[in-house]
Structure formats: structure tokens, C-alpha cells
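Here the structure is laid out as C-alpha cells; the discussion comes afterwards.
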Amino acid sequence: LSAFGPYPNQININFESFQEDGLFLITGPTGSGKTMIATNLALLFTQRKKKTLLIDASFYFGDVSLYLDLNPKDTISELVQEGSNITIDTINSFTVLHSSGLNILPAPKSPESAEYITEEHIEKLLSIMRPYYDVIIIDLPVVLNNTTLAAIENSDTVLYVATPDIASLKDVFQVQKVMQSLQQHDKFKLLLNRFGSGTLSLKDIKNNCAYPIIGTLHEDEKTVSVSISKGSPLVLLPKKTRLAMDFRAIFGKIVAGEL
């Protein structure tokens, strides 16, 4: 199964090789499409009966709730104020259950509330969540601070979302240098969004980027806009689109252990 080339009508996925690497971090610059990608991949895991948690770690301006048409009462900022005796039951009482079966831990409702969340909270929460969930996906901003670095260090795989243009590739170079210095470089894979809309070819990017490319998502602004306005991720929309097939192809590579 490949993320490139012809698209079959049906993709059969073998979960036998999907074992321990169940904590995925999706990151990239603002506007790269990382939240759209995180929500759709999380829903694909949920559709395959994997107990999945999506954490909106864009603590200042998270949009996962918007993309899923949710209005949560509580968020991660209220959760961390529960003190030192947090258990998985405590965490579950603060998560929101989407109609698909996906569990979501929303971002704070206001930027001020993000100040409550520390790197110690991230490390503790992830250590409690890991044994309970089959898959944890974190939507993370590209800003580097103590909390984002804690998430990166505790993740198994980091999917960095880039677009096929010079400015985005420059950002990738900068991230590569920082992650090499922090010895986190090997976790990173590149996922190209809006493929076909930029100035760079796939060959250009492969020749100039140290990260392996796990797949491409073709440009489809219309489908994405409809998805966001309806609060229904595109893998849940009834109409089959090329972009939805792109997602399923990349998802197949993930669960087949081809990262």
C-alpha cells in the first residue's frame, strides 16, 4: 500500500505490525493544516476500533473543538488544576466523546488558562494515558517551549506537516537543526499537505530534506472548507474525495509500520 500512485477502491489494513508506537504527534506551522490532519487521522483509528485519544495541545489557540463541532464544558486547563492525584478516571471525566467514538481532550478556552499547564503536567498525563489508550494523537504547535518539548520527548513518532514551497522548506531546515541538537531527530517524518499547489516538486523536497516523506495530501480547498464549516472531518463526509483517499493511504502506511 502506497501513499503515491493509483488509488484503489478499498484499502485493507493489517494491524498486526501496529504494536507499541501508539503516541503520534502532529505539528507544523500555523496554517499548514496540522489540526485538519490530526482530526482526520484520529478518526481513522477510531473507525478501525482503536481506542483513540486526540489531545489539542495548541493551548493558546486550539481549534480541534471547532473542527469537530464541539463545545466542551471543561478542558485540559481544568484537568491539570485537579492536583497531584489525577488518575485515568479523572482524565476521562474531562475528555469529550465525539459521536464517532473518538475521545478528545480539548485545549483551554482562553489563552490565559494555558498558563496553568506545565511540562510536568504533560509528562504525567501521558504516562497515565498510555496504558489505557491504543492510540494517542497530539495536535501540537511548532513553537518550542518546555511543554511542547515534553510532548515531543514523550512521543513515538512526530509527523511534521509542510507545504511544497520555499518558505515551508526553510522552516523544516530550522526544525531539523533544533531536533538534532535535542536528539529527537529520528522521530520526525514529513507529511506534505496541499501537494500540487506549491512551487516545489516531490523530487525537490526529497533531495533537500533529511526527513523521510510518508505521504502527500493533494490540494482540495473546497472539500476542506466544507468539512470545517460543517464541523465534520472529511473522512466522515459521504462523498469520496481524492483527499480522503490520500488520508487512508497514509493511515495504511502508519498502521503497517512503514514509518
Looking only at non-hydrogen atoms, find the nearest pair between [X] and [Y] and report the distance.
X: Val135; Y: Lys50; result: CG2-CB, 4.3 Å
X: Ser100; Y: Thr46; result: O-CG2, 3.3 Å
X: Val158; Y: Ile152; result: CG2-CG2, 4.5 Å
X: Cys209; Y: Leu190; result: SG-CD2, 3.8 Å
X: Leu41; Y: Ile137; result: C-CD1, 3.9 Å
X: Val80; Y: Ile86; result: CA-CD1, 4.3 Å

Taking C-beta and beyond as the side chain, do [X] and [Y] meet within less than 4.5 Å on heavy atoms?
X: Leu126; Y: Ile138; value: yes
X: Met36; Y: Leu234; value: yes
X: Tyr132; Y: Asn92; value: yes
X: His98; Y: Ile104; value: yes
X: Arg130; Y: Asp156; value: yes
X: Asp134; Y: Thr52; value: no

Checklist line | Same cluster (ILVMFWY, side-chain, under 4.5 Å), Met245 and Val226 | finding: no
As an exercise, state the distance from [atom1] of [X] to [atom2] of [Y], rounded to the nearest 0.5 Å.
X: Ile213; Y: Lys189; atom1: CD1; atom2: NZ; result: 12.5 Å
X: Leu97; Y: Asn103; atom1: CG; atom2: CG; result: 5.5 Å
X: Leu191; Y: Ile250; atom1: CG; atom2: CD1; result: 4.0 Å
X: His218; Y: Thr241; atom1: NE2; atom2: OG1; result: 11.5 Å
X: Asn208; Y: Leu200; atom1: CG; atom2: CG; result: 8.0 Å
X: Leu79; Y: Leu105; atom1: CG; atom2: CG; result: 6.0 Å

Look at the side chain of [X] and the backbone N and O of [Y], then say whether any donor-acceptor pair between them is shorter than 3.5 Å.
X: Asn154; Y: Glu123; answer: no
X: Asp74; Y: Phe94; answer: no
X: Thr148; Y: Val143; answer: yes
X: Thr223; Y: Asp220; answer: no
X: Thr163; Y: Ser32; answer: no
X: Ser227; Y: Ser232; answer: yes
X: Asn40; Y: Val235; answer: yes
X: Glu78; Y: Thr75; answer: yes

Next item on the list: Step by step, work out the side chain to side chain contact (heavy atoms under 4.5 Å, CB included) result for Glu153 and Glu119.
Entry: CA-CA 11 Å; Glu153 290 170 357; Glu119 59 185 303; over 6 Å; no
Notebook entry, point to check: Could you walk me through whether Ile76 and Leu125 pass the side chain to side chain contact (heavy atoms under 4.5 Å, CB included) check?
Noted result: CA-CA 10 Å; Ile76 189 171; Leu125 290 176; 4.0 Å; yes
Notebook entry, point to check: Under 3.5 Å, is there a donor-acceptor pair linking the side chains of Asp89 and Thr87?
Noted result: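 Checked: Asp89/Thr87 side chains show no N/O donor-acceptor pair below 3.5 Å.
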Margin query: Hydrogens and angles aside, do Asp171 and Ser168 bring a side-chain donor and acceptor to less than 3.5 Å of each other?
Written below: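 Note: Asp171 and Ser168 side chains miss the donor-acceptor criterion.
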Item checked: side chain to side chain contact (heavy atoms under 4.5 Å, CB included) assessment of Ile254 paired with Leu159 -> CA-CA 11 Å; Ile254 292 172; Leu159 304 184; 4.2 Å; yes
Note to self: With side chain to side chain contact (heavy atoms under 4.5 Å, CB included) as the criterion, how do Thr216 and Leu202 come out once you've worked through the C-alpha distance, each side chain's angles and the decisive distance to 0.1 Å?
What the structure shows: CA-CA 9 Å; Thr216 60; Leu202 188 61; 4.3 Å; yes
Let me check something: any side-chain donor-acceptor pairs from residues 55-69 under 3.5 Å, sequence neighbours excluded? List them with distances.
unit_1, atom_1, unit_2, atom_2, d
Asp56, OD1, Ser58, N, 3.2
Asp56, OD2, Asp63, N, 3.2
Asp56, OD2, Val64, N, 3.0
Ser58, OG, Lys34, NZ, 3.0
Tyr60, OH, Glu115, OE2, 2.8

Next item on the list: Please state whether the rings of Phe251 and Phe45 are parallel, tilted or perpendicular, taking 30° and 60° as the class boundaries.
Entry: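 Perpendicular, since the angle between the ring planes exceeds 60°.
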Return a table of donor-acceptor pairs under 3.5 angstrom between the side chains of residues 175-184 and protein atoms on other chains or two or more places apart.
unit_1, atom_1, unit_2, atom_2, d
Gln176, OE1, Ala210, N, 3.0
Ser181, OG, Val178, O, 2.5
Gln184, OE1, Lys187, NZ, 2.8

Margin query: So, using ring pair (Phe, Tyr, Trp, His ring centres under 6.0 Å) as the criterion, who are the partners of Tyr133 when residues are at least two apart?
Written below: none
